[in-house]
Amino acid sequence: MPELPEVEVTRRRLERELVGKRFTQVVLRASKLRFPIPVELTTILPGRIVRSIERRGKYLLFDCECGWLLVHLGMTGFLQLLRGKPLPGKHDHLDFVFGDGHLLRFHDPRKFGIVTWFTGEPRQHPLLAGIGPEPLSGAFDGEYLFDSVRGRKVAIKQLIMNSAVVAGVGNIYANESLFRARIRPGRPAGTLALNECSELAAAIRYVLEKSIGEGSTYRVAEEAVAYYPQSFMVYGRGGEPCRLCQNPLDEIRLGGRSTVFCRRCQE
DNA sequence: AGAATTACCTGAGCGC
DNA sequence: TGCGCTCAGGTAATTC
């Protein structure tokens, strides 16, 4: 499932390949993903140039001169950058054809993704307006997080997965960053001290940046290698020994999400 | 307002 | 072999 690092690596790759390129055709095969895909994409985009590609949380934003193409990969979505016009397979819902022979293909078996179109200011779009600070920006630090946890009873893991608090932290990196910060995922958010918030904010930044770095070899056309499970400290390792103390990792559910932690290393 | 729950969707894995 | 069940989990929408 694409998390922020995968989206960012995808963004960088597409930025290199597509900025300045002109859409010549849009082929729609699915009528809706999470939301209906606007049919006007097929008439608006041809002739337009990709001016820039930006990211907000896990959303990709393509500046298309007269408006924005907004893409979210959901749980199972990915973008493939292809050449020519290879025959579409199952769940290949949408193709963007470019004048230089490139084809950007949206594939998403579970249709949790989003492809939509809007004009105006991205920060005013309903899907983007309520998103909290970018975790890799200066706006996200210990003091901000401390301010956000104040009075909150919800588990700290659920709080950092709340996109209104901080953008783009999903289940994998929530687990990983809490382990790195040595904080139990189930702790009521409001019980965290300022220094713990600082540790956690730094840990979130660290695990995301590390993953983006490791993803430098990730290729959009090879979606399967989006991240590197063997490098995870806790995610997907319930019952296995902690990499630091060898204690078997606990696996619980928080808010319906698989949550893994070390009861010895995390307080 | 904050917290909890539901809805969306398909493939994989499992027990029988 | 196939059926039914559970799980995976991002996030918007809904309810409490």
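Between A:K153 and the phosphate of B:dA3, there is no side-chain N or O to OP1/OP2 separation shorter than 4.0 Å. In terms of phosphate contacts, A:K90 brings a side-chain nitrogen or oxygen within less than 4.0 Å of OP1 or OP2 of B:dG11. Residue A:H91 has a polar side-chain atom (N or O) positioned under 4.0 Å from OP1 or OP2 of B:dG11. At B:dC9, one or more side-chain N or O atoms of A:K32 fall inside 4.0 Å of OP1 or OP2 (strictly under the cut-off). Taking side-chain N and O atoms only, A:Y235 has no distance below 4.0 Å to OP1 or OP2 of C:dA8. Residue A:H72 places at least one side-chain N or O under 4.0 Å from the OP1 or OP2 atom of C:dT11.
Nucleotide C:dC7 holds its P atom 6 Å from the CZ atom of A:R253, rounded to whole Å. Rounded to whole Å, the distance from CD1 on A:I160 to C1' on C:dG10 is 15 Å.
Geometric assessment of A:R55 against the ring of A:Y59 yields a negative cation-pi assignment under the 6.0 Å and 45° thresholds. Geometrically, A:R184 does not engage A:F261 in a cation-pi contact defined by less than 6.0 Å to the ring centre and at most 45° from the axis.
If you take atom P in B:dT5 and the same atom in C:dC7, they sit 16 Å apart, rounded to whole Å. Nucleotides C:dT14 and B:dC9 place their P atoms 15 Å apart, quoted to the nearest Å. For the P atoms, the distance from B:dT6 to C:dT6 is 14 Å, rounded to whole Å.
Of the candidates A:K157, A:E176, A:R257, A:N171 forms a side-chain hydrogen bond (donor to acceptor under 3.5 Å, both in side chains) with just one, namely A:K157.
Here the side chains of A:L45 and A:F96 are in contact, with some heavy-atom distance below 4.5 Å.
Taking 3.5 Å as the limit, the base of B:dT10 and the side chain of A:R34 contain no donor-acceptor pair of atoms between them.
Listed candidates were C:dA8, C:dT11, C:dA13. Nearest to the side chain of A:S258 is C:dA8. Distance from the side chain of A:P109 is smallest for B:dG11 among the nucleotides B:dG2, C:dT11, B:dG11.
In this structure, A:F112 does not count as stacked on the base of C:dT11 under the 5.5 Å centre distance and 30° plane angle limits.
At a cut-off of 3.5 Å, with distance as the only test, a side-chain donor of A:S52 or A:E54 sits close to an acceptor on the other residue.
Across all strands shown, A:I114 has no heavy atoms under 4.0 Å from either base or sugar-phosphate atoms.
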